[in-house]
Amino acid sequence: MEKIRLNAPLSKEAAEKLRAGDTCLISGVIYTARDAAHKRLCELVEKGEALPFPIEDSVIYFVGPSPAKPGAVIGSAGPTTSYRMDAYSPILLRLGHRGMIGKGARSREVIEAMKENKAVYFGAIGGCGALLAKCIKKSEIIAYEDLGAEAIRRLEVEDFPVTVVIDTLGNNLYELRENVSSVR
Amino acid sequence: MREISAGLISETIARLCIEANIKLPEDIKCALECGENREEYPVAKEIISCIRENYSIAEGTNVPICQDTGMAIIFLELGQEVHITGGDLYTAINEGVRKGYGEGYLRKSVVRDPLRRVNTGDNTPAVIHTDIVPGDKLKITVAPKGFGSENMSKIAMLKPSDGEQGVKDFIVSAVEAAGPNPCPPIVIGVGIGGSFESCALMAKKALMRPVDESNPDPYYADMEKELLERINALGIGPQGFGGKTTALGLNIIAAPTHIAGLPAAVNISCHVTRHKTEVL
């Protein structure tokens with residue numbers, strides 16, 4: 001299967017071309033955030049304060065990596081389950097946040113916000129943190145160091161492998177898989 | 001009385017925490033290999049291939065298989081003729097967890113309070129389950145448990161009239177509801193009977209049994225086989241992208257229960273179902 005090369009930050013135009021089921025390799029700058037960081041980001045939005053990274057066209061990776069060994073860029077770094085971010089993602093999507101990388105199902109509210117704001121939800125393979133970490137070339141904590149694994153990191157990635165799970169039209173690979181149930 | 005020092009217990013726990021997080025048990029590796037061979041759908045085949053490559057990289061480079069290095073669940077079988085010296089048992093265990101998660105560069109994933117949510121910074125405290133048994137040995141099992149899958153677990157207080165069919169349907173519906181969230185292919189621990197809390201604990205203990213071993217009671221061994229087939233026919237597949245390999249194994253533990261009750265618990269675990277045991 002031909003893999004689509006994408007740059008992060010991700011433009012609206014590039015996002016709109018993607019379809020559920022496409023496999024992609026992302027290169028560029030992405031940010032990590034999971035439960036606690038999302039809560040803080042949304043509190044900043046509510047107060048009208050600046051976010052710690054440019055949100056427009058941003059790609060956020062839902063991950064809390066394990067600590068880097070001496071000399072390593074990062075530890076194990078696979079995706080966490082995305083539905084726990086469902087309460088927060090629409091708030092960020094309305095600000096132009098373009099791509100989310102995680103695993104698992106999303107809520108109707110998130111999918112509606114994705115359609116309205118032309119955003120994409122990517123899946124990375126859960127439980128493959130050692131493999132995925134190889135695509136992370138640089139990692140730097142830029143906010144909320146007190147959160148430990150949950151701090152926001154700026155990552156530079158090269159050919160980070162993902163699958164488009166939900167596209168800008170709301171097509172959902174988890175529902176499309178009904179089509180492949182003939183394989184059982 | 002045989003003496004075992006608290007220091008030895010700490011050292012052992014620390015080592016088991018690291019080893020369990022880096023090296024996947026052989027039974028899971030075999031089940032993944034079988035899954036990859038059985039899959040015809042290319043997407044499913046490729047995902048399992050990545051999963052297998054991942055655990056090889058982890059083992060080869062001493063990096064955790066998954067970034068969620070879990071809450072440290074500790075099972076103890078403490079011989080009643082053992083005397084712990086030089087400190088108390090549970091402090092020694094938590095000291096071992098602190099050391100293992102620190103020295104092993106494992107993720108610290110525990111918050112002190114469920115609602116105020118401040119990370120303890122060292123992955124303590126562990127969840128400790130102790131059985132007192134005959135003899136003068138201490139058997140320690142460390143099972144780091146990730147919560148992506150733990151969150152998909154369920155318990156039901158069914159009625160006796162729900163019977164075997166009710167229990168089976170509950171188990172399958174729990175897996176179906178979990179869908180892609182717990183990182184399939186999953187491993188499923190089932191508790192049937194007992195009381196509310198013991199049923200959940202049986203489900204957890206069922207995850208400690210290798211997936212290639214059946215329940216010793218043929219009645220439950222058949223049920224395990226039937227449920228695994230039903231679950232793998234759901235079509236969820238690796239990562240929820242479709243396929244035949246939704247679960248690698250399903251283990252049941254059953255126990256006596258009350259005349260009014262039929263508790264059933266499903267503890268879901270991901271393809272990184274880790275546990276390591278040592279006997280002192």
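Side chains are part of it too, since the values below use all heavy atoms of this structure and drop only hydrogens, waters and symmetry mates. Just so you know, these numbers come straight off a predicted model, no measurement behind them. Here is the naming used below: chain letters follow the sequence lines, and residue numbers restart at 1 for every chain.
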A:Ser82 versus chain B, heavy atoms under 4.5 Å apart: side chain, backbone, both or neither? neither
Report which part of B:Asn62 has an atom under 4.5 Å of a heavy atom belonging to chain A: side chain, backbone, both, or neither. both
B:Thr61 versus chain A, the contacting section by heavy-atom distance below 4.5 Å: backbone
Please report the shortest heavy-atom distance between B:Pro64 and A:Ser76, naming the atom on each side. O-OG, 2.9 Å
Heavy-atom pairs under 4.5 Å with chain B: which of A:Pro65, A:Ala130, A:Gly104, A:Gly129 has the most? A:Ala130
I'd like to know whether CD of A:Glu46 has more than 12 heavy-atom contacts from other residues, nucleotides or ligands below 6.0 angstrom. no
Would you mind telling me which of A:Thr80, A:Val63, A:Thr81 has the largest number of heavy-atom pairs within less than 4.5 Å of chain B? A:Thr81
Contact check, side chains of B:Ile57 and A:Lys134, non-hydrogen atoms, under 4.5 Å: yes
Might you confirm whether atom CD of B:Glu278 has over 12 heavy atoms from other residues, nucleotides or ligands at distances under 6.0 Å? yes
Would one find more than 12 heavy atoms of other residues, nucleotides or ligands at under 6.0 Å from atom NZ of A:Lys12? no
How long is the straight-line distance from OG of B:Ser109 back to CD of A:Glu150, given to the nearest 0.5 Å? 8.5 Å
Heavy-atom pairs under 4.5 Å with chain B: which of A:Ala105, A:Gly148, A:Ala149 has the most? A:Ala105
Highest number of heavy-atom pairs under 4.5 Å with chain B among A:Ala36, A:Ala68, A:Ala72, A:Gly64 belongs to A:Gly64
Side-chain heavy-atom pair A:Arg84, B:Asn151 within 4.5 angstrom cut-off: yes
Do A:Lys3 and B:Glu46 sit within salt-bridge range, that is, some charged N less than 4.0 Å from a carboxylate O? yes
Between atom OG of A:Ser66 and atom CZ of B:Arg107, what is the distance when rounded to the nearest 0.5 Å? 8.0 Å
Gap separating the NE2 atom of B:His271 from the SG atom of A:Cys128, nearest 0.5 angstrom: 5.0 Å
Can you tell me if A:Lys137 has over 12 outside heavy atoms packed within less than 6.0 Å of its NZ? yes
Chain B contact via A:Arg106 - side chain, backbone, both or neither, heavy atoms under 4.5 Å: neither
Name the option with the most non-hydrogen atom pairs under 4.5 Å to chain B; the candidates are A:Asp146, A:Leu147, A:Ile125. A:Ile125
Choice from B:Ile65, B:Val272, B:Ile51 maximising heavy atom contacts with chain A below 4.5 Å: B:Ile65
Among the options B:Ala58, B:Gly148, B:Cys50, pick out the one with the most heavy-atom pairs lying under 4.5 Å from chain A. B:Cys50
Any donor-acceptor N/O pair, A:Lys69 side chain to B:Val63 backbone, under 3.5 Å: no
Just wondering, more than 12 heavy atoms not from B:Lys29 lying within 6.0 Å of its NZ? yes
Against chain B, label A:Pro79 side chain, backbone, both or neither, depending on which of its atoms sit under 4.5 Å from a heavy atom there. backbone
Rounded to the nearest 0.5 Å, what separation is found between the CZ atom of B:Phe241 and the CG atom of A:Leu173? 5.0 Å
Among the listed options A:Leu131, A:Asp35, A:Ile74, the residue most often paired with chain B at heavy-atom distances under 4.5 Å: A:Leu131
Among B:Glu53, B:Arg117, B:Gln239, B:Lys108, which has the most heavy-atom pairs under 4.5 Å with chain A? B:Gln239
Can you give me the closest heavy-atom contact between B:Tyr105 and A:Pro67, atom names plus distance? O-CD, 3.3 Å
Checking heavy atoms, do the side chain of A:Ala20, its backbone, both or neither come under 4.5 Å from chain B? neither
